[in-house]
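Presented below is the structure to which this report refers.
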Amino acid sequence: MAHQVSIFAENKPGRIEKLTRLFTEASINIRAITISSANGFGVIKVLVDQPHKAFEILRGQGIPSYLQEVIAVIMEDLPGGLHRVAEVLAENSINIEDAYGFVVMSGKNAILIIQVESQPRAQSVLERNNFQLLTDEEIYKY
Amino acid sequence: MYWEKEIETLDREQLTQLQSKRLQETMQRASKTSYYKKLFEQLHIQPEKISTLKDLQNIPPTTKEDLRSGFPYGFLATPLEEVVRLHSSSGTTGVPAIIYHSVSDINSWSNLVARSLYGVGVRKNDIFQNMMSYGLFTGGLGMHYGAEKIGTLVIPIAAGNSKRQIWFLKNFQTTVIHIIPSYALLLSNLIKSEGLDSSRDLNLKIMLIGAEPHSEETRQRIEELYQAKAFNSYGLSEMNGPGVAFECAYQNGLHVWEDAYFLEIVNPKTLEPCPAGELGEMILTNLNRQATPILRYRTKDLAYWIDEPCPCGRTHYRISRIQGRTDDMFIYHGVNIFPIQIDKVLMNNPEVGSNYLITLERKDLRDTMKVEIEIKPELFIGDLPKLERLRERIQAEIRSETLVTPEITLVEPGTLPTTEGKAVRVVDKRQL
Ligand SMILES: [Zn+2]
């Protein structure tokens, strides 16, 4: 099982810089980062190699943060793969709350991160359909 | 539970008689002051003819400006050598309004505070940390004297220096505190960030909160944060200070100490008396003050009468919590709004943190109202749509409470300006 850390941030300059600085100081590597924002504020989601440590550091700073389990799927090509995952989940009536993908170093594979309502069920459904799910450590092997 | 059973439970008829008798004495004292002497002459008022509370209404109200105009001795009714202390009201500019106290004034004031504190359970074996300013401001010294009268151990720590406050709270296992409600909200964050848990590491039982209007929702939140009972305290320096009106154990309105004060609640425009339940301005008259008797003082504080008897058995009438001040109301798009209305909405939402700020601006000849709200870190679950729904819900709740729709922004905790004194809740930039 993989973990994601979400951070509340105002839409103001310097917010990403502050995060990356805190992580660098603690030797935490960022694998992926997404930002979504609305009326003056937003949520930054990061995938890091030490999510629990990252979460503790942010909380210690009084920064509103949240640690949660997400599904990380490794696949060969992102667009087609995304469609197949979405299809399987839809067939099983599992709502996708958020999803993002990134291409890993080798350039050949992509990792898709999916946030769903019913995490354990989604996991078993995907495993049954022969998708390969990754843990926090495994994400960094690619 | 009563400090002075007889006076606190005196039947209404006797209480009214006592008020009339004391009003006559007050009229005599007032006629010795140069301000009222002149006023009575100008209006052909014979002080000895004012013997009922109805007669009192022939006297025009005294305003803060009147008190200032009487500087330095215009309201002094005794020789200066009888005076043992003076206080002044928190005037921002110009000449302050000075209130003089004789020995008996200090004693009777302290007694009213002791009565208030005893009524909510403060006892001799309590440890009382007084987090209000000492000095000319009456909140600190007024409460101090009352608590000492009960025999509690008083820690006169005064306002500010949060780290030291927390150190004393923890190391003396303080049981009672006197604190400004907005500061109580901020201090609880600092207690947490010191790694302390209010219910595990502190021993607070009773909180006396006052000196700024606050909503019932704010009180409930404070009680939850500190795991202690919070009681609303009302007073103003022109009427001594704390101990004018105080909540009892039932926490449902404040008993006005009618043996010491005569209260009118009036429509601030017409000065017509308001029936129970109708919001109006409080006008107070001292009934037993020797050195500075003030008649019909316009407090600018807004409250309403509660006319049901209180289950605690006290006969002194109750008023609602202070709903605002005639001068902190602001007008936005033609609607009268009190900050407490917004306070109520915000404090009712658990996702809202301890600080918020209302800003009014004029952009391109149009007024805008923005409410910035710090979110509570513990309740953030990483979900932007949920925050967006929170924003919309708060906006809708403010609209249904005030009839206007402000712009709502959620901000990071600890980013809005804070103060260890009274909180700045409204910034009105429209006149600048
Ligand atoms: Zn009562």
Side-chain angles (χ1 to χ4, degrees), chain A residues 2-19 21-22 32-48 51-52 54-71 95-100 113-119, chain B residues 162 185-197 349-359 361 368-396 398 405-418:
Chain A
H3 291 84
Q4 163 188 280
V5 181
S6 308
I7 302 114
F8 173 81
E10 291 169 52
N11 294 349
K12 279 184 183 168
R15 288 305 184 275
I16 302 288
E17 187 275 331
K18 187 180 175 187
L19 281 184
R21 179 164 40 82
L22 284 172
I33 186 162
T34 70
I35 303 168
S36 45
S37 66
N39 296 278
F41 57 87
V43 174
I44 300 170
K45 292 178 178 175
V46 293
L47 214 62
V48 294
H52 294 274
F55 176 61
E56 286 311 316
I57 289 170
L58 294 166
R59 284 199 91 165
Q61 295 278 319
I63 300 171
S65 333
Y66 190 65
L67 179 69
Q68 72 191 116
E69 292 182 340
V70 288
I71 291 170
N95 273 335
I96 298 180
E97 288 178 332
D98 196 10
Y100 51 96
I113 304 296
I114 313 162
Q115 199 183 312
V116 293
E117 277 170 354
S118 38
Q119 194 76 16
Chain B
S162 304
L185 293 173
L186 295 175
L187 188 68
S188 77
N189 290 346
L190 299 170
I191 291 172
K192 260 184 233 148
S193 69
E194 300 262 307
L196 299 176
D197 177 328
N349 279 285
E351 298 90 342
V352 171
S354 51
N355 208 355
Y356 63 89
L357 182 67
I358 303 163
T359 307
E361 279 181 286
T368 61
M369 175 174 161
K370 182 172 71 180
V371 185
E372 290 171 281
I373 303 163
E374 287 187 6
I375 69 162
K376 193 182 261 177
E378 297 87 337
L379 291 181
F380 171 69
I381 58 151
D383 190 342
L384 185 64
K386 195 177 173 200
L387 291 174
E388 196 43 33
R389 285 196 296 276
L390 171 68
R391 198 188 66 81
E392 283 165 6
R393 187 174 77 227
I394 289 174
Q395 193 173 46
I398 292 178
T405 308
E407 177 194 329
I408 308 285
T409 314
L410 304 181
V411 303
E412 294 163 25
T415 54
L416 293 175
T418 61

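Here is the naming used below: chain letters follow the sequence lines, and residue numbers restart at 1 for every chain.
- The line from CG of B:Leu410 to CZ of A:Phe8 is 5.0 Å long, rounded to the nearest 0.5 Å.
- Taking each heavy atom of B:Leu384 and A:Ala38 in turn, the nearest pair found is CD2-N, 4.3 Å.
- Heavy-atom distances place the backbone of A:Ile7, and not its side chain, under 4.5 Å from chain B.
- Closest heavy-atom contact between B:Pro377 and A:Gly62: CG-O, 4.2 Å.
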Check: every donor-acceptor pair under 3.5 Å linking chain B and chain A:
unit_1, atom_1, unit_2, atom_2, d
B:Glu388, OE1, A:Asn39, ND2, 3.4
B:Glu388, OE2, A:Asn39, ND2, 3.0
B:Glu412, N, A:Glu10, OE2, 2.8
B:Glu412, OE1, A:Arg15, NE, 3.2
B:Glu412, OE2, A:Glu10, N, 2.8
B:Glu412, OE2, A:Arg15, NE, 2.6

